[in-house]
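Chain identifiers are assigned alphabetically (A, B, ...) following the order of the sequence lines, protein sequences preceding nucleic acid strands; residue numbering begins at 1 within each chain.
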2 protein chains.
Amino acid sequence: METPTDRFRKVKNLIDQDALLLSIGDVATATGVSTRQIRYWEKKGYINSTLSESGQRKFTYFELLTVGMIQSRIEAGYTLSGAVKEVQETSGVFKELRKFLQERMDQVNEISTGYEFDLGEVEGVDENKHLFLSLEKGHKRSFKVKKCK
Amino acid sequence: METPTDRFRKVKNLIDQDALLLSIGDVATATGVSTRQIRYWEKKGYINSTLSESGQRKFTYFELLTVGMIQSRIEAGYTLSGAVKEVQETSGVFKELRKFLQERMDQVNEISTGYEFDLGEVEGVDENKHLFLSLEKGHKRSFKVKKCK
DNA sequence: CATCTTTGTCAAATAAGTTGACAAACATTT
DNA sequence: AAATGTTTGTCAACTTATTTGACAAAGATG
């Protein structure tokens, strides 16, 4: 039988693999940056894209976030190159965060009251206890620390 | 001055707002489902899309996941309608999960060794303690439970 | 066997994406 | 001040993507 963990992992794969490649117009609409700007920023090496078989630019979700972060600094008064520098120094956190959550969110159990994700070890509590993310019916959501069997 | 929390929230906004609307071809490539199938599934009411000003279908990321989940069940031997039924019964968890993480991931502090996200209260530990997600330099990543000042 | 479901493919039209060039606004240097 | 560099808009000509509607075919269902 297919368990909730199996189903979850399939969706996780879809998210993990950077299978999603975005068209330039969709990046532009989502970030409020023009396609002309995106192409220029890429030419300058500030952002990256791959080319599809037919020669169209495709962007990962992380590149979309980079575009959005640069734009946000420009709106705050930075020059383009200044904005890029700031973003390059700080954007790594988002990759780290994503990687960590991908690693830890891997095990989910269906229980009578809903779903429970086992997020593994936590510093600062008994060693035989794990952190759980609990999604209960009725939109009751919480983190829990308890023994794992 | 702009704090790490300020910067984080701007990126979070970009992610939260469903600003990202995907073209049908990008959904097709990411999921391995043909554009013909996607249009048919939409006609049957199994998935949803909005229309851009110029009349092109646009899909949210959740709809992409829905397409991927349906496809995954079809590959497991289900009929289309059977796959859809299963997905409709289970996909809510992902929306719940996203919503919960969006709510809890809102506060981040820069500390000497890296970054620390305050995820708030945890059941099963002292009431004056919070759960933290810690991203340290050198890729040391962990959950921590400790007092919050 | 007849029917419904599901998907592929084709055609004609519109929209989106590509590169290259010219221009304009603005900042930086000499 | 004049010259140069940065950044973005816009236009043109061309290629690729998307849209709808129709026909066809394979498979499931009754």
Side-chain angles (χ1 to χ4, degrees), chain A residues 18-61 63-64 66-89, chain B residues 18-61 63-64 66-89:
Chain A
D18 273 329
L20 176 56
L21 291 174
L22 305 160
S23 301
I24 192 169
D26 296 334
V27 175
T29 304
T31 58
V33 175
S34 72
T35 58
R36 182 67 173 87
Q37 286 175 293
I38 293 173
R39 292 194 189 97
Y40 179 69
W41 296 2
E42 190 195 14
K43 189 183 172 188
K44 298 284 288 183
Y46 299 154
I47 55 175
N48 298 299
S49 76
T50 55
L51 286 181
S52 71
E53 274 192 18
S54 61
Q56 307 216 341
R57 287 176 183 79
K58 295 294 169 183
F59 300 85
T60 63
Y61 192 67
E63 293 299 324
L64 180 149
T66 304
V67 170
M69 287 187 275
I70 293 172
Q71 174 67 0
S72 153
R73 302 306 158 79
I74 288 175
E75 282 166 2
Y78 284 73
T79 63
L80 174 58
S81 59
V84 168
K85 202 176 166 188
E86 271 242 336
V87 169
Q88 285 172 343
E89 285 163 4
Chain B
D18 274 328
L20 176 56
L21 291 174
L22 305 159
S23 301
I24 192 169
D26 296 334
V27 175
T29 305
T31 58
V33 175
S34 74
T35 58
R36 181 66 173 88
Q37 285 176 294
I38 293 173
R39 292 193 188 98
Y40 179 70
W41 295 2
E42 189 196 14
K43 189 182 171 190
K44 297 284 289 182
Y46 299 154
I47 55 175
N48 298 298
S49 76
T50 56
L51 286 181
S52 70
E53 273 192 16
S54 60
Q56 307 216 342
R57 286 176 185 79
K58 295 295 169 182
F59 299 85
T60 63
Y61 192 67
E63 292 299 324
L64 180 148
T66 303
V67 170
M69 288 187 278
I70 293 172
Q71 174 67 0
S72 153
R73 301 309 157 79
I74 288 176
E75 282 166 3
Y78 284 74
T79 63
L80 175 58
S81 59
V84 168
K85 202 176 167 189
E86 271 242 337
V87 169
Q88 285 172 344
E89 284 165 3

Considering non-hydrogen atoms only, spot the tightest contact between [X] and [Y] and give its length.
{"X": "A:Ser81", "Y": "A:Tyr46", "result": "CB-OH, 4.0 Å"}
{"X": "A:Thr31", "Y": "A:Gly68", "result": "CG2-N, 3.9 Å"}
{"X": "A:Lys58", "Y": "B:Asp26", "result": "NZ-OD1, 2.9 Å"}
{"X": "B:Glu42", "Y": "B:Asn48", "result": "OE2-C, 4.3 Å"}
{"X": "A:Ile74", "Y": "A:Trp41", "result": "CD1-CZ2, 3.7 Å"}

d([atom1], [X]; [atom2], [N]) in whole Å:
{"X": "A:Gln56", "N": "D:dT18", "atom1": "CD", "atom2": "P", "answer": "8 Å"}
{"X": "A:Leu21", "N": "C:dG17", "atom1": "CG", "atom2": "P", "answer": "15 Å"}
{"X": "B:Ile38", "N": "C:dT6", "atom1": "CD1", "atom2": "P", "answer": "16 Å"}
{"X": "A:Asp26", "N": "C:dA16", "atom1": "CG", "atom2": "P", "answer": "10 Å"}
{"X": "A:Ile24", "N": "D:dT16", "atom1": "CD1", "atom2": "P", "answer": "17 Å"}
{"X": "A:Glu53", "N": "D:dA17", "atom1": "CD", "atom2": "C1'", "answer": "14 Å"}

Could you go through nucleotides 6-10 of chain D and list every protein N or O atom that sits under 3.5 Å from one of its N or O atoms, giving the distance for each pair?
{"from": "D:dT7", "atom 1": "OP2", "to": "A:Tyr40", "atom 2": "OH", "distance (Å)": "3.2"}
{"from": "D:dT8", "atom 1": "OP1", "to": "A:Gln37", "atom 2": "NE2", "distance (Å)": "2.9"}
{"from": "D:dT8", "atom 1": "OP2", "to": "A:Trp41", "atom 2": "NE1", "distance (Å)": "2.8"}
{"from": "D:dT8", "atom 1": "O4", "to": "A:Arg36", "atom 2": "NH2", "distance (Å)": "3.2"}
{"from": "D:dG9", "atom 1": "OP2", "to": "A:Ser34", "atom 2": "OG", "distance (Å)": "2.5"}
{"from": "D:dG9", "atom 1": "N7", "to": "A:Arg36", "atom 2": "NE", "distance (Å)": "3.2"}
{"from": "D:dG9", "atom 1": "O6", "to": "A:Arg36", "atom 2": "NH2", "distance (Å)": "3.1"}
{"from": "D:dT10", "atom 1": "O4", "to": "A:Arg36", "atom 2": "NE", "distance (Å)": "3.2"}

Contact under 4.0 Å: [X] side-chain N or O vs [N] OP1/OP2:
{"X": "B:Arg57", "N": "D:dT18", "result": "no"}
{"X": "B:Arg39", "N": "D:dT19", "result": "yes"}
{"X": "B:Ser54", "N": "C:dA16", "result": "yes"}

Any residue meeting side-chain contact (heavy atoms from CB on, under 4.5 Å) with B:Ser72, in chain and number order, not counting sequence neighbours: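 Once residues adjacent in sequence are excluded, the partners of B:Ser72 under the side-chain contact (heavy atoms from CB on, under 4.5 Å) criterion are A:Lys10.
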